[in-house]
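As the structure is a prediction and not an experimental result, all values here were calculated from the model. Numbered from 1 within each chain, the chains take letters A, B, ... in sequence-line order.
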Amino acid sequence: MVRVRFAPSPTGHLHIGGARTALFNYLFARHNNGKFILRIEDTDRTRSTDEYIEAIIEGMKWLGLEWDEGPFRQTDRFDVYKDYVDKLLKQGKAYYCYCTPEELEQRRQEALGQGKSPKYDGRCRNIVQEFEGSKVRNAAVRFRMPQEGQTIVDDLIRGKVIFENDLLDDLIILRSDGTPTYNFTVVVDDVDMDITHVIRGDDHLNNTPKQMHIYKALGHETPLFAHLPMILGADKTRLSKRHGATSVMAYKEMGYLPDALVNYLVRLGWSCGDQEVFTREELIKYFSFENVGKAAAVFNPEKLLWLNSQYIIKSNPEELGELVMLFLENAGIIQKGQDIDRKWLSRAIETLQERAKTLVELANSLRYYIAEDVQYDAKAKAKFLNEKSKDLLAELKENLISLTDFSTAELEKVFKSIIEKYNVKLGALAQPVRVAMTGGTESPGIFEVLEIVGKEKTIKRLEKAIATIATVQP
RNA sequence: GUCCCCAUCGUCUAGCCCGGCCUAGGACAUCGCCCUUUCAAGGCGGUAACGCGGGUUCGAAUCCCGCUGGGGACGCCA
């Protein structure tokens, strides 16, 4: 049984990189009918907050990355870690270190300054452990790493990676305040939770040999490891706030669909022939580490935007209607709590789907369908609402007043008759009408716009346009 | 400084493991054309890459070595 986990630390929101790690774990678990576990690594009490735990959960849920067990919190398991530390201490596999953080930092800087390795010098390694087995104040506990030989990490993505043991640091597993540290808790938990595959970011590859020795000291076999390549920003440095939005929920707010983000993220490092767009089922079916690349990938917002537009086109209008309501409220297009005819909204959305790349854009385009009135774009107004179009607009208005079937088919007939009568091209009429109806020069087909806006508002807007021309022209 | 990882169009990538089918494929972006009531969407086409140097071989994007470049790690962070 495959058992994998996503183990974020709640020191920030769920970000793009974390989300992809979670996603790969999720896909691997689902592909193998295994279990996906969520574990919160909050041993750093100074930086972890409950708000961030909630934020991470919110992000996971939004992306549809459902976990099977958890969320577990490491702060709930301090007793467990303590027991393991005591065991190692008794067995001599760990020892007390009396160096203070300040001393350590100073020695680190000195070593670095002399061009030497900043590795712990091991001065507490062999001193007599006077207080063995009992609580020693102000002492941290270090794990005794082997100092000779090699450790080989056989990574699912990278193959064999060899580390010289004499480079391994005796890392601290228990702080002097009695709290355990990451490299220890991660191993204890992965053992206790029967994790079979550790799938995480590349930045943990160097920790792996150390963790392997902890597994050994605990008398447990190591799981399989898969280290994912990093995600970089446009300048090829580690993705961070400097590169724009990195929080997953920020993409929700910008009007992205979760499936589009998932699809984009999975293609960052993974591929399946030439296919670009995948359903969730396909991802689960096709996912494999064989198709995961080794090189870091640059996050490309343009491609994500394109994928989002593809997902919007594919979505059904009813669902988009539900999703866009919040954006309509936020844009002030409808009042909070105000409802609109969903059937009508769906029709309106259908005309906009292939024109909106995000839900924000969709909401903004919906404005001219929903609002009572339109604001003219200055350029559009100058170019199309003028003496040249005045008679055409007036003629159209007159014709529409008597039109009972306000449908695209009938509207088209009316337009045709007018352009024939005036001997102009359709654009000569359609563009001024477009400005009158939407305020701008871009919109879905003009007949559809009229039909959806409806007879009453259409005539009002035409009257306003004509009046505008009259006041502009003395 | 030391260690580890990586290296195909601007970007994501296919191909690499099992050398010839690669005149290096697809996608985003970009440019042009078509469609057209506008804008999109869609269709067609263009520009654009095997980092460099050595090997091995009849033959290398593919195998080996070096270099260069980029990234990561070296915490009483995770």
Side-chain angles (χ1 to χ4, degrees), chain A residues 7-11 41-44 46-48 97 99-101 104-105 108 111-120 139-142 153 155 157-159 161-164 167-169 171-177 179-183 185-186 200-209 227 229-230 232 234 236-238 264 267-277 290-291 293-307 309-310 313 352-357 365 380 384 412 415 419 425-431 433-435 438 440-447:
Chain A
S9 113
T11 53
E41 309 228 321
D42 55 351
T43 54
D44 183 350
T46 60
R47 294 196 302 158
S48 301
C97 174
C99 305
T100 67
L104 257 14
E105 182 56 24
R108 223 187 330 268
L112 242 22
Q114 290 165 26
K116 286 193 258 179
S117 168
K119 183 185 160 184
Y120 176 61
V141 176
R142 283 187 189 270
V153 178
D155 192 89
I157 294 171
R158 271 144 232 286
V161 183
I162 301 171
F163 295 87
E164 294 297 330
L167 265 11
L168 266 27
D169 219 338
L171 44 83
I172 286 174
I173 57 177
L174 195 74
R175 300 182 183 93
S176 50
D177 69 358
T179 59
T181 62
Y182 164 73
N183 274 295
T185 58
V186 74
R200 78 232 295 197
D202 220 353
D203 46 343
H204 288 284
L205 187 54
N206 287 296
N207 288 327
T208 308
H227 287 94
M230 304 262 86
L232 311 177
K236 303 228 178 189
T237 62
R238 201 191 180 113
Y264 177 71
R267 284 282 293 105
L268 235 37
W270 178 83
S271 61
C272 184
D274 286 339
Q275 192 170 345
E276 293 287 350
V277 183
E290 280 177 35
N291 304 318
K294 299 176 182 182
V298 174
F299 185 81
N300 181 209
E302 278 85 32
K303 189 158 181 179
L304 168 59
L305 190 60
W306 170 77
L307 259 175
S309 72
Q310 294 298 307
I313 288 171
L352 259 15
Q353 273 174 278
E354 61 193 27
R355 295 173 168 82
K357 293 187 192 303
S365 296
F384 294 108
E412 185 165 1
F415 273 65
I419 63 172
K425 288 187 177 174
L426 181 54
L429 174 59
Q431 278 305 79
V433 174
R434 184 164 272 119
V435 177
T438 72
T441 55
E442 303 157 14
S443 84
I446 196 66
F447 309 130

Without decimals, in angstroms, what is the distance between [X] [atom1] and [N] [atom2]?
{"X": "A/N207", "N": "B/rA73", "atom1": "CG", "atom2": "P", "result": "9 Å"}
{"X": "A/L304", "N": "B/rC12", "atom1": "CG", "atom2": "P", "result": "15 Å"}
{"X": "A/K425", "N": "B/rU38", "atom1": "NZ", "atom2": "C1'", "result": "14 Å"}
{"X": "A/Q275", "N": "B/rC28", "atom1": "CD", "atom2": "P", "result": "14 Å"}
{"X": "A/I173", "N": "B/rC77", "atom1": "CD1", "atom2": "P", "result": "14 Å"}
{"X": "A/L429", "N": "B/rU36", "atom1": "CG", "atom2": "P", "result": "19 Å"}
{"X": "A/E354", "N": "B/rC39", "atom1": "CD", "atom2": "C1'", "result": "10 Å"}
{"X": "A/K294", "N": "B/rC5", "atom1": "NZ", "atom2": "P", "result": "10 Å"}

Rounding to the closest angstrom, what is the interatomic distance between [N] and [M] at atom [atom1]?
{"N": "B/rU11", "M": "B/rA48", "atom1": "P", "value": "16 Å"}
{"N": "B/rG25", "M": "B/rC18", "atom1": "P", "value": "25 Å"}
{"N": "B/rG69", "M": "B/rC52", "atom1": "P", "value": "15 Å"}
{"N": "B/rU8", "M": "B/rA14", "atom1": "C1'", "value": "10 Å"}
{"N": "B/rU13", "M": "B/rA61", "atom1": "C1'", "value": "14 Å"}
{"N": "B/rA49", "M": "B/rA41", "atom1": "P", "value": "27 Å"}
{"N": "B/rC21", "M": "B/rC63", "atom1": "P", "value": "15 Å"}

Mind listing the closest non-hydrogen atom pair of [X] and [Y] along with its distance?
{"X": "A/K119", "Y": "A/L167", "value": "CD-O, 4.1 Å"}
{"X": "A/T43", "Y": "A/R175", "value": "O-NH1, 3.4 Å"}
{"X": "A/P229", "Y": "A/K294", "value": "CB-O, 3.5 Å"}
{"X": "A/F415", "Y": "A/A430", "value": "CE2-CA, 4.4 Å"}
{"X": "A/D155", "Y": "A/R158", "value": "OD2-N, 2.9 Å"}
{"X": "A/L104", "Y": "A/R142", "value": "CD2-NH2, 3.4 Å"}

Can you tell me the base-pairing partner of [N]? Count Watson-Crick or G-U wobble geometry only, both distances below 3.5 Å, and say none if there is no partner.
{"N": "B/rG45", "answer": "B/rC31"}
{"N": "B/rG51", "answer": "B/rC67"}
{"N": "B/rU36", "answer": "none"}
{"N": "B/rC18", "answer": "none"}
{"N": "B/rC77", "answer": "none"}

Under 3.5 Å, N/O pairs linking protein and nucleotides 9-11 of chain B:
| unit_1 | atom_1 | unit_2 | atom_2 | d |
| --- | --- | --- | --- | --- |
| B/rU11 | OP1 | A/K236 | NZ | 3.3 |

Using a cut-off of 4.0 Å on non-hydrogen atoms, how would the nucleic acid contact of [X] be classed: base, sugar-phosphate, or nothing?
{"X": "A/P444", "result": "base"}
{"X": "A/D42", "result": "nothing"}
{"X": "A/G269", "result": "sugar-phosphate"}
{"X": "A/H227", "result": "nothing"}
{"X": "A/R47", "result": "base"}
{"X": "A/Q310", "result": "sugar-phosphate"}
{"X": "A/I162", "result": "sugar-phosphate"}
{"X": "A/T43", "result": "sugar-phosphate"}
{"X": "A/T237", "result": "sugar-phosphate"}

**Request:** Using the closest heavy atom to pick a nucleotide of RNA chain B for each, name whichever of A/L174 or A/T441 lands nearer the 5' end.
**Result:**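 Nearest-nucleotide comparison on RNA chain B picks A/T441.
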**Asked** Of A/N291 and A/L205, whose closest RNA chain B nucleotide lies nearer the 5' terminus?
**Response**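 With A/L205 and A/N291 compared, the 5'-side residue is A/L205.
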**Message:** Which residues pass the ring pair (Phe, Tyr, Trp, His ring centres under 6.0 Å) test with A/F299, not counting sequence neighbours?
**Reply:**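 Result, ring pair (Phe, Tyr, Trp, His ring centres under 6.0 Å) vs A/F299: A/Y264.
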**Message:** Run the salt bridge (charged side-chain N to carboxylate O under 4.0 Å, His left out) test against A/D203 and tell me which residues pass, sequence neighbours left out.
**Reply:**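 A/R238.
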Proximal nucleotide (of [options]) relative to the [X] side chain:
{"X": "A/R238", "options": "B/rA78, B/rG71, B/rA73", "value": "B/rA73"}
{"X": "A/W306", "options": "B/rC5, B/rA27, B/rA78", "value": "B/rA27"}
{"X": "A/E442", "options": "B/rA29, B/rU38, B/rA78", "value": "B/rU38"}
{"X": "A/N206", "options": "B/rC76, B/rC5, B/rC4", "value": "B/rC4"}
{"X": "A/F447", "options": "B/rU37, B/rG71, B/rC5", "value": "B/rU37"}
{"X": "A/S9", "options": "B/rC76, B/rA78, B/rU37", "value": "B/rA78"}
{"X": "A/D169", "options": "B/rC6, B/rA27, B/rG75", "value": "B/rG75"}
{"X": "A/I446", "options": "B/rC76, B/rG1, B/rU37", "value": "B/rU37"}
{"X": "A/H204", "options": "B/rU37, B/rA78, B/rC76", "value": "B/rA78"}
{"X": "A/P118", "options": "B/rA40, B/rG1, B/rC12", "value": "B/rG1"}

**Close side-chain approach of A/S9 and A/Y182, heavy atoms under 4.5 Å** =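 A/S9 does not reach A/Y182 side chain to side chain.
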**Message:** Taking the side chain as everything from C-beta on, heavy atoms only, tell me whether A/R434 gets closer than 4.5 Å to A/I446.
**Reply:**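 Side-chain contact under 4.5 Å: yes.
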Hey, is the side chain of [X] pairing donor to acceptor with the base of [N] inside 3.5 Å?
{"X": "A/D274", "N": "B/rG25", "answer": "yes"}
{"X": "A/R158", "N": "B/rC5", "answer": "no"}
{"X": "A/R267", "N": "B/rU13", "answer": "no"}
{"X": "A/E276", "N": "B/rG26", "answer": "yes"}
{"X": "A/S443", "N": "B/rC39", "answer": "no"}

**Item:** Point-to-point distance, once rounded to the nearest 0.5 Å, from CG of A/N207 to CG of A/L168
**Value:**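 Taking CG in A/N207 and CG in A/L168, the distance rounds to 10.0 Å.
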**Asked** A/K357 side chain N/O closer than 4.0 Å to the phosphate oxygens (OP1, OP2) of B/rA41?
**Response**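 For B/rA41, OP1 or OP2 has a side-chain N or O of A/K357 closer than 4.0 Å.
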**Request:** Respond yes when some side-chain nitrogen or oxygen of A/R108 is under 4.0 Å from OP1 or OP2 of B/rC76, and no when none is.
**Result:**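 For A/R108, the contact criterion (side-chain N or O under 4.0 Å from OP1 or OP2 of B/rC76) is met.
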**Request:** Classify the side-chain pair A/T181/A/N183 by whether it contains a donor and acceptor separated by less than 3.5 Å.
**Result:**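 No donor-acceptor contact under 3.5 Å links the two side chains.
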